[in-house]
Each structure stands twice: as structure tokens, then as C-alpha cells.
Protein chains: 2
Amino acid sequence: MAVSIKDVALKAGVSIASVSRVLSGKPGVGAKTAERIRQVIDELGYRPNLGARGLVKRKTGNIAVVVPRGSYILNNPFFSTILDGIAKEIDQTEFNLLMSFTSVQQQRLLETQAVDGAILFSPRNEELSMDWLKSLAIPIIVVGSYLEDSPFPCVRPDDEEGVRQSVTALFNKGHRTIGLVNGPMSSMHSVRYYKGYESTLKYLGIPFSKELVFELDEFDGGKVVEVVSEFLKGNQHMTGVVCSSDFLAMGVMKAADNANVSIPHDLSVVGADDVPISSFLTPSLSSVHVDLIGMGRKAVSILTQLLEEKELEKKEYIFPMHYVDRGTTGTPKMKR
Amino acid sequence: MAVSIKDVALKAGVSIASVSRVLSGKPGVGAKTAERIRQVIDELGYRPNLGARGLVKRKTGNIAVVVPRGSYILNNPFFSTILDGIAKEIDQTEFNLLMSFTSVQQQRLLETQAVDGAILFSPRNEELSMDWLKSLAIPIIVVGSYLEDSPFPCVRPDDEEGVRQSVTALFNKGHRTIGLVNGPMSSMHSVRYYKGYESTLKYLGIPFSKELVFELDEFDGGKVVEVVSEFLKGNQHMTGVVCSSDFLAMGVMKAADNANVSIPHDLSVVGADDVPISSFLTPSLSSVHVDLIGMGRKAVSILTQLLEEKELEKKEYIFPMHYVDRGTTGTPKMKR
DNA sequence: TTGTAGGCGTTATCAG
DNA sequence: CTGATAACGCCTACAA
């Protein structure tokens, strides 16, 4: 049986009101009484029950991080690095962090008034009903991507710029046949990557070919390597490939290895997001860097602003990307 | 203003007691009334307030996952894979998942009656006070490692067996000078790895040399590669190395690359845990596999058993490990 | 400066 | 079968 405010009041010989006052640092308690109360609190090791407090204050003190269904996500460093940022920033606040990984969980979490606000991680357009989200009537932030036609503020990388830089980097090294390995088009992230890829090619005067675009439903382990291997075999004239994530790039590297395609000798590869692990690969992965930790932090900080009823300066917080040249990119050979 | 049980009762023309009864599926409500109530609940989109319910039931419906301080952890696939299992299993229950990443967070979480039980992820001996943990008076499970002299059930890999198998695998390939790259000794995981390494060498009749053991405080990015490179240079007669995690093994691979040591030609490397990403490395990493997802699931399932006041069959749930031969291991060359 | 009492949304006990 | 009503732990007017 946990010690309650009543126990403290009793032992200190005061009313619970006074205890409550010193607890919340409110004025109206004599110095001596306050001191005594504090001492009793200490002695008894009293801790306020957050649930009860939430009930009357109508605040839970929790915020939710909602990640899309599909377990692949947890092993995706794009996610864990942003989560790292979220965790760091949340540590500066008084909030607890609730996480949900499935739609059942998120329903329970969001509909039962268990949280004051939520951070949606790279949601897919088709998975979340906008009406439902709005009906929740709590502040919501989208991070990593954004929802189409959504009223929610979002924090995301400047994808178009990222893919522009990676395609251009390959172009500048002499590549003229550049493929794209992309994620599922249900994510706006992939959509933007696709568009940016297309427009950059056009800008550079390179013909666009549907053959060179590969869309992966997700990175679900072994299967990926197989299909990407096929893709590589079917496009032997391709000398470079840009990917919409480092995770995909890793798959490409492995597939290349499988297909006896040497990187960067036969094929140059550029990832995206530059997750921490990228520089540990062999060869180390060229990528377009973005401050994922900062994105996580930003998501939390604007959510807490909203929670404090402050106005946001803008609706989209777009983080710059910049190309980082490492070991997976080189000049193209004449022929593969 | 969220709709409460009162609103439902009002609109249905019944007492809140009856509403509460249909909500919790308790008997004592006429079929017709129940039907009407259900309908109103639907119309109003009523959802019970978990906090209020928790207050009277003295259950929060939350369980905590406590991860040790230090951000490296989030990008460690050992963690994220176990977390994956935790998430999967939690989905089978009615619990919400609260996470804490720092000591401040875990204090708030655990001391404010915000959770019914907790899963401690690979805790370090010095970071958690046993007395404090006991004083919380909630069920606690340790996963990934264990706490010395702790009364808490734990779920962990059979580390001793793992290192025995990896050392033996190298031995069988002809290696006689085998190093160990280990984590910090504050983790029991490292301690067991160290012991297993030592005893296996003795069993195989290989002399133990302190020079060949390298202890890394943690995998904190670039620095690791540097120091491991030094280690490799200082031990050129070493033909194989076993690591206490795949994460460390990746660092060794990168360091080897830096030092112009070719794997597995010049040096064989064995990781541990066989995280999903391992098979995507080039060359793919030899490791000792363990069912990390299963460990996560098990942690949740025994915690919920405890929460239901059921007895546990045992105190330690040890998962078997078995060596998986992949690309980073080969026969030793005569000389490096 | 202090205490009393009402209420936050639920569940549970006890009458009717 | 149904409905008051008293908790649960806490906050906060309002009184004293």
C-alpha cells in the first residue's frame, strides 16, 4: 500500500490541503509547517500519484510516440536515431513517454485519454484516418515524414534537396545511368524522393527510365537482397544508384555483393539520412546527412510548446540535408 | 471535454452503475438496457478514462521498459530486436508500454505509481540500487543480462555457452591465438563472456593472455574504431577474435578495414547475438545466434504472469545460443 | 495561514 | 435487475 497524501497530513498533523500546497510549491503555508511537512514527506518517502493528479488537472503528463505497424521499424536506424533525439529532449521535460507499435495499441493509447499529446513517426497515408486523429483533440506532431493534407505540424528532412544532391554528386563523378531504390509510395518520404529524383534527372538532362526505379515495400530481411539482386542484374548498364534510406542502401550493398558487383568499382551507391551505423560499413556508405537527433528533439520541443498553448512559428520544420562523400561512390567504369 | 460515463448514463437514462457494468462485462444488467447502453456508448464515442479506472482499481495498465542511460543503446540492434519482441508480446495484452531512458525518467516512472510492473533492460550493476528497486514493490523482470544477487527473474542468453561455441569454432578452424573484444565489466553479460572465454581457452589447452582481451567501455561511435585499430596493430599474431556482441564485431570489422587487415583472410571475427543486420554486412558476420525476439516476448509474458499473481516456474530463463558460420571466419594464415 | 468540502471519472458495495 | 453512494488520491475554491 503506497503512502498517500493523507498519510503525510496525518503524520504531520496538518490537513491534506497544506501538504498539497507545499507539494506544488504554492504559497500560503507557514515556513515552519512547510518545513515539517517536507520532513514527513521525506521520512515516509511519499510520492504523489500521477494518475490521481492527472484526473483533477486533466493532464496525464504523458506523451505518446506512435510508430507504424510492422516490426522492421525498430531495427531501422532512421527510427532509432530519431527516437534517440526524442528521448534526449523528453528528458528535459516532465513528461513520460508512452510508445505504441500497433494500431490496437495506438487506439488504446490515444482514445483513453492516456496522453496529452502525440508524436507520429513516419506515418503512412493510408494507415491513419485524418478524421480520427482530429477527433482525438490533442496536439499531434508528425516526424520523419508528413501526412498529406494534414493540419499537424511536421518535422522532416528536406528530401527533395537530399536526392537532388545525391543524384548530382553521382552525375559530377561522371555517372549518367543512375537508378533509384525507393521505399513504398504510401510514405510521403518516398513520394518526395521519387519526384526529386525525376526532376533532378530532367534538370541534368538525363533521360528518365522507369526501369531504373525500384520500389521496395519494406526492408523485411532476406527477401530484399534477392529482389534487389535481380534488379541489379537486369540493369547492368546502371553505374550508380541512390536510395531513399541508408537501410535500403545496405540492402543494395549486400545484393551487389551477392551478384558479384563490386562497390564502388562497378556500382556507386548513395544512401540517405546518414545514420550512425553508415560510417561503420565496409566500404563506408556515402549518404546525405541530416540531423536526425535534432529532428527528434525538435518534435518534442514543438509538441511541448503546443501543450503549453503556445503558438508555433511555422507548420513545417524542414531539416537541411547535405551530401557526404565516403567509400561507396566513385567514378563509373566504362562497362559493367 | 471528453465524454464521460456520466454523459452516457444520462443519455441512456440509466445510472452510471449500469453503464459501468456493461463496460466491464459484468452481469446484472437486463438485455434490453444493456443494448441501449451499448448503443449510446457507440453514438457518443465514449472511451473509459484509464487514469480514473486505475485510481480505483489500483492498477495503471502500464508496464515500463527501463533502459540504461547512454544513448548508444538505441542504435544497438541487440536492444531494438529485444524491444521488438517486447512490443510484439505486449500487443497480446492490455498493457501500455512506458519507456524511460534516463535515471531521472525512471525515477519518475517507477516512483509515482505510473506502472504496474517493469522490465529492466540489461542493467548495469552499479546503476541501480537493489534496495531502491525492492522498495518499489512492483514486479520486476530483468532482460538481456542480470543483476548480481538480485531477487528478480531474468531472461538472458546463455553467454558462457555462446562464447564457448565461438572460441571452439575458431579453434576447430585452426586458430590458436584468439582475442576477446568485450563490453564493460559492469555488465554481467561481459563478465560471463570473459569467464567463458577464459575457461574455454583452458579447456582447449590454449594459454590465456591478458594482451588479447580488449574491454570497451561502450560503442560510442568513431572513437571505438581508433582504439580497436590500435589493439589489432598491437596483436598482429592474433588470427581470430570473438566479440561479446555483433555491435562490437562491426566495430572490429571497420577497424580491421582501417588497419588494412582483411577479414577473414587475415583475421577471423565472431560476433554474438546474431542481430538481424549481421547477415547484411559484407562479409556477413559469423555469430552465435540467440532468439532475441523470443527473449523480449518471454520477458513480457513472465511479467504479466507475475502481475496476475501467478507463480513462475523458474527464476532464470536462459536462451540457448548456437554458432552460425558465415563470412567473417576462415582458416588462419601462417602469419599476418 | 490553515482547514473543509467538492469534484475529477471509475469501480464496487449495498440497498431497493 | 437497478441505482445511490462511498471510495481511489489529489487539487482547489471557499471559509475560517
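We name chains A, B, ... by the order of the sequence lines, and we start the count at 1 in each one.
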- Pair W132(A)-Q107(A), side-chain donor/acceptor within less than 3.5 Å: no
- So, is K57(B) near the phosphate of dT10(C), with a side-chain N or O under 4.0 Å from OP1 or OP2? no
- Task: Check each of N62(A), T304(A), V300(A) against F95(A) using the side-chain contact (heavy atoms from CB on, under 4.5 Å) test, and report the only one that passes.
- Result: T304(A)
- Query: Is there a side-chain polar atom (N or O) of S18(A) under 4.0 Å from OP1 or OP2 of dG3(C)?
  - Reply: yes
- Whole angstrom is fine here: how far is it from CZ in R36(A) over to C1' in dT2(C)? 11 Å
- Task: Would you indicate, yes or no, if dT10(C) has its OP1 or OP2 atom less than 4.0 angstrom from a side-chain nitrogen or oxygen of K6(B)?
- Result: no
- Task: May I have the distance from L50(B) (atom CG) to dC8(D) (atom P), rounded to whole angstrom?
- Result: 21 Å
- Atom CD1 of I16(A) to atom P of dC11(D): distance rounded to whole Å? 9 Å
- According to a strict under-4.0 Å criterion, is S4(A) in side-chain N/O contact with OP1 or OP2 of dG9(D)? no
- Note on the structure: L55(B) CG to dA6(D) P, in whole Å, measures 17 Å
- Would you mind telling me which residue lines up with the more 5' stretch of DNA chain D, T33(B) or R21(A), judged by nearest nucleotide? T33(B)
- Query: What are the two closest non-hydrogen atoms of T60(A) and D116(A), and how far apart are they?
  - Reply: N-OD1, 2.7 Å
- Message: With a cut-off of less than 4.0 Å, is there a side-chain N or O of R58(B) near OP1 or OP2 of dG9(D)?
- Response: yes
- Query: Separation of R53(A) atom CZ from dG7(C) atom P, in whole Å?
  - Reply: 22 Å
- Message: On the nucleotide dC1(D), are OP1 or OP2 found under 4.0 Å from the side-chain N or O atoms that K32(B) carries?
- Response: no
- Message: Would you say that more than 12 heavy atoms from the other residues, nucleotides or ligands in this model lie under 6.0 Å from the CD of E94(B), or not?
- Response: no
- Tell me which nucleotide among dT11(C), dG3(D), dC10(D) gets nearest to the side chain of A17(B). dG3(D)
- Rounded interatomic separation in angstrom, taking NZ from K59(B) and P from dA7(D): 22 Å
- Message: Rounded to whole Å, how long is the line connecting atom OH of Y46(B) with atom C1' of dT11(C)?
- Response: 10 Å
- Task: Quick one: closest heavy-atom pair of L110(B) and L136(B), and the distance?
- Result: O-CD2, 3.6 Å
- Note on the structure: Walking DNA chain D from its 5' end, the first of K26(A) and A2(A) to be reached, judged by nearest nucleotide, is A2(A)
- Query: Is the phosphate of dT12(D), meaning OP1 or OP2, less than 4.0 Å from a side-chain N or O of S20(A)?
  - Reply: no
- Query: Base, sugar-phosphate, or nothing: which does P27(B) touch, judged by heavy atoms less than 4.0 Å apart?
  - Reply: nothing
- Message: Using a 4.0 Å heavy-atom cut-off, does G28(B) contact any base of the nucleic acid, only the sugar-phosphate backbone, or nothing at all?
- Response: base
- Query: Given atom CG of N49(A) and atom P of dG9(D), what is their separation to the nearest angstrom?
  - Reply: 7 Å
